[in-house]
Protein chains: 2
Amino acid sequence: MTSPYSLNWENSSDERHDVNLRERKKRRTRDALLRAALELFATRGYEETTVDDIAAAVDVSQRTFFRYFAGKEETAFFVPRLAEALVVDAVRARPPHEAPLEALRRAVLESWDTINEAVEEHVPIELHLRVYRVIESTPALLAAHLRRAAELEEQLAGIIAEREGLDVDADPRPRIVVALFGGVIRVTERLWSAGDDLTIEGMRELTATYLDQVGPALAGNWRAGQSP
Amino acid sequence: MTSPYSLNWENSSDERHDVNLRERKKRRTRDALLRAALELFATRGYEETTVDDIAAAVDVSQRTFFRYFAGKEETAFFVPRLAEALVVDAVRARPPHEAPLEALRRAVLESWDTINEAVEEHVPIELHLRVYRVIESTPALLAAHLRRAAELEEQLAGIIAEREGLDVDADPRPRIVVALFGGVIRVTERLWSAGDDLTIEGMRELTATYLDQVGPALAGNWRAGQSP
DNA sequence: TGTCAATTGTCAGTGGCTGTCATTAGCCTC
DNA sequence: GAGGCTAATGACAGCCACTGACAATTGACA
């Protein structure tokens, strides 16, 4: 920190990340724990997997597991965390002339395309897709998932408000639009995880289809119009 | 069940509920545990309260606590559970000619009026209102709260679909509208619990105001129009 | 009053998670 | 390349939520 190289360290910390054996080893055990956990969740179930099981699968002590992850839950949300970061960045990068819903829509669809490589660096996506069903069907994980989603929405509301030059706390509209958007996403998530097309592309298509329904869903009375 | 009185028992079970000493005693300890738990949560915080604390406050064993409640969490959501039931009933009772959002809006505002008596039978509402802040600010409880909300939305979507003569799984619109509605409710909940008017009336007003914003929030571009 | 069933307490055990301390293993300098 | 430094690990003890099992108690009802 106070060494003459401190500035260099700050800037090149990414490159230094994997150079020494120490760091490489750390990353290896971390990814191994992650994969072991997800594999066990996907096959045996979340509640049926103990932290001891995970640690044993990688042949480290339980204590070591907790030094890499704050809790069992954190392993299950490793990929979602990456995805959320991508979405936030994508929304930030949207041209300011787009309407809020349009910007959100494009950002999400776009980030579905980049998610692959970001994830595969640590675990095979296919593995996460299997874990996703577990998240949706395990009460404790579903609850955590929804809380994370709520936090994401709060962030997005802030970004949207900024785009539109509004104050999030004074004007309810950013939060409302984001809530609507988030609701649609959740509906598609559930549908997708319940169906059998467990691919990223399937998710992408579903999302696109449902987001297109938002307008019609809110317009007028449904009974007069034709089927969706 | 197979006794000659079984039918009578079924029908008059409500009246029989408090007649014998056994039942009265059970209800008393149950309500005492509930109040003790909420009181402790409100003053000391949720995580800082152990089940042993709650049991000790009522002078029963920890094991007995778990015979009355499935877990620590359940005590915190006693009032919300009542409220949810009221909302569901209120939506079901709405005249079928009302549009979905209108029916939901009226049902919720209406149930805020009946919630008082339903709750006070067990614990003072004022106590729950204090606990509500704890729910919003405790990650584990917030997560559980959001999961409950999601389940409620699923129920409401079913009811709305039925009103409109639609199939929830074939037509996305009921779920989308309910998601929008739920989103608005969540926004008001957060705002209300963050403010200082912690009364049912305050909540009612906030809800009404925000629900009125739903239309404007979705209409056109915000930058051209005037302030909300 | 005595029998039966329900309520409760006690005890032991599991699983998630944390603090502590000694041991190990990579790193860096001389 | 030996030795000191520091970071990573393991082993152990302990807290808390929660559960199963069994014995003791207590209200119900004939």
Side-chain angles (χ1 to χ4, degrees), chain A residues 1-5 9 13 16-33 36-37 40-41 44-77 138-141 143-144, chain B residues 1-6 8-9 13 16-33 36-37 40-41 44-77 138-141 143-144:
Chain A
M1 270 269 233
T2 53
S3 106
Y5 299 105
W9 286 1
S13 63
R16 283 189 72 81
H17 231 340
D18 277 350
V19 289
N20 25 230
L21 177 54
R22 232 133 50 212
E23 295 301 323
R24 263 180 294 148
K25 233 178 163 180
K26 260 172 39 177
R27 176 168 178 153
R28 236 182 298 145
T29 43
R30 185 188 161 82
D31 283 354
L33 282 170
L40 285 167
F41 295 163
R44 194 188 303 181
Y46 180 75
E47 313 272 20
E48 290 71 30
T49 304
T50 71
V51 174
D52 283 314
D53 292 335
I54 303 169
V58 184
D59 204 58
V60 296
S61 71
Q62 189 217 50
R63 197 64 183 83
T64 292
F65 172 90
F66 283 110
R67 284 200 254 259
Y68 281 97
F69 299 96
K72 200 169 75 157
E73 208 181 86
E74 198 178 292
T75 58
F77 289 105
T138 305
L141 290 183
Chain B
M1 267 272 231
T2 53
S3 103
Y5 299 107
S6 62
N8 265 353
W9 286 3
S13 64
R16 284 190 71 81
H17 230 343
D18 277 350
V19 292
N20 24 240
L21 176 54
R22 263 234 263 263
E23 295 300 324
R24 264 180 294 148
K25 235 176 161 178
K26 261 173 36 179
R27 174 163 180 159
R28 237 183 297 146
T29 42
R30 186 187 161 83
D31 284 354
L33 282 169
L40 285 167
F41 295 163
R44 193 187 304 181
Y46 180 76
E47 314 272 19
E48 291 70 29
T49 303
T50 71
V51 174
D52 283 314
D53 291 336
I54 303 170
V58 184
D59 204 58
V60 295
S61 71
Q62 190 217 50
R63 197 64 183 82
T64 294
F65 172 91
F66 283 109
R67 289 202 178 95
Y68 281 97
F69 300 96
K72 199 168 77 157
E73 209 180 85
E74 199 177 291
T75 58
F77 289 104
T138 305
L141 290 182

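Just so we're on the same page: letters track the sequence lines, and every chain starts at 1.
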Please report, rounded to the nearest Å, how far the [atom2] atom of [N] is from the [atom1] atom of [X].
{"X": "B:Arg30", "N": "C:dA6", "atom1": "CZ", "atom2": "P", "value": "19 Å"}
{"X": "A:Glu23", "N": "D:dT6", "atom1": "CD", "atom2": "C1'", "value": "13 Å"}
{"X": "A:Glu74", "N": "C:dT18", "atom1": "CD", "atom2": "C1'", "value": "15 Å"}
{"X": "B:Arg24", "N": "D:dA28", "atom1": "CZ", "atom2": "C1'", "value": "13 Å"}
{"X": "B:Phe69", "N": "C:dT8", "atom1": "CZ", "atom2": "C1'", "value": "16 Å"}
{"X": "A:Glu47", "N": "D:dA17", "atom1": "CD", "atom2": "C1'", "value": "13 Å"}
{"X": "A:Asp52", "N": "D:dA11", "atom1": "CG", "atom2": "P", "value": "12 Å"}
{"X": "A:Arg27", "N": "D:dA8", "atom1": "CZ", "atom2": "C1'", "value": "18 Å"}

* **Residues in salt bridge (Lys or Arg N to Asp or Glu O under 4.0 Å) contact with A:Lys25, at least two apart in sequence or another chain** =>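 A:Lys25 satisfies salt bridge (Lys or Arg N to Asp or Glu O under 4.0 Å) with no other residue.
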For the residue pair [X] and [Y], establish whether any side-chain heavy-atom pair is separated by less than 4.5 Å.
{"X": "B:Ile54", "Y": "B:Thr49", "answer": "yes"}
{"X": "B:Thr75", "Y": "B:Phe65", "answer": "yes"}
{"X": "A:Glu23", "Y": "A:Lys26", "answer": "yes"}

* **Sugar-phosphate, base or nothing in reach of A:Tyr68, heavy atoms under 4.0 Å** =>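 Counting heavy atoms under 4.0 Å across all strands, the contact made by A:Tyr68 is with sugar-phosphate only.
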* Looking only at side-chain atoms of A:Thr50, point me to the closest of C:dC27, C:dG16, C:dA5. =>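 Of the options given, the side chain of A:Thr50 lies nearest C:dG16.
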* Asked: Who pairs with B:Ala55 by side-chain contact (heavy atoms from CB on, under 4.5 Å), at least two apart in sequence or on another chain?
  ->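 side-chain contact (heavy atoms from CB on, under 4.5 Å) check on B:Ala55 returns B:Val60.
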* To do: Starting from the 5' end of DNA chain D, give me the residue, B:Tyr46 or B:Arg22, whose nearest nucleotide shows up first.
  =>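 This one resolves to B:Tyr46.
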* Partners meeting ring pair (Phe, Tyr, Trp, His ring centres under 6.0 Å) with B:Tyr68 (sequence neighbours left out) ->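 Counting only residues at least two positions away or on another chain, B:Tyr68 forms no ring pair (Phe, Tyr, Trp, His ring centres under 6.0 Å).
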* **Pairwise distance OH(A:Tyr46) to OG1(A:Thr138) - rounded to 0.5 angstrom** =>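 It is 8.5 Å, given to the nearest 0.5 Å.
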* **Gap between atom CZ of B:Arg27 and atom OG1 of B:Thr29 - 0.5 Å precision** =>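 If we round to the nearest 0.5 Å, B:Thr29:OG1 and B:Arg27:CZ are 11.0 Å apart.
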Hey, is the side chain of [X] poking within less than 4.0 Å of OP1 or OP2 on [N], counting only N and O atoms?
{"X": "B:Lys72", "N": "D:dC18", "value": "no"}
{"X": "A:Lys25", "N": "C:dG26", "value": "yes"}
{"X": "B:Lys26", "N": "C:dT7", "value": "yes"}

* Angle, rounded to 10°, between the helical axes spanning five pairs at each terminus of the helix from C:dT1-D:dA30 to C:dC30-D:dG1? ->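 The angle, to the nearest 10 degrees, is 0°.
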* Asked: Any salt bridge (charged side-chain N to carboxylate O under 4.0 Å, His left out) pairs touching residues 49-75 of chain B, not counting sequence neighbours?
  ->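 Non-adjacent pairs meeting salt bridge (charged side-chain N to carboxylate O under 4.0 Å, His left out): B:Arg44-B:Asp53.
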* Taking DNA chain C as the partner, which of residues 59-67 of chain B come within under 4.0 angstrom of it by heavy atom? ->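 Close to the strand are B:Val60, B:Ser61, B:Arg63, B:Thr64, B:Arg67.
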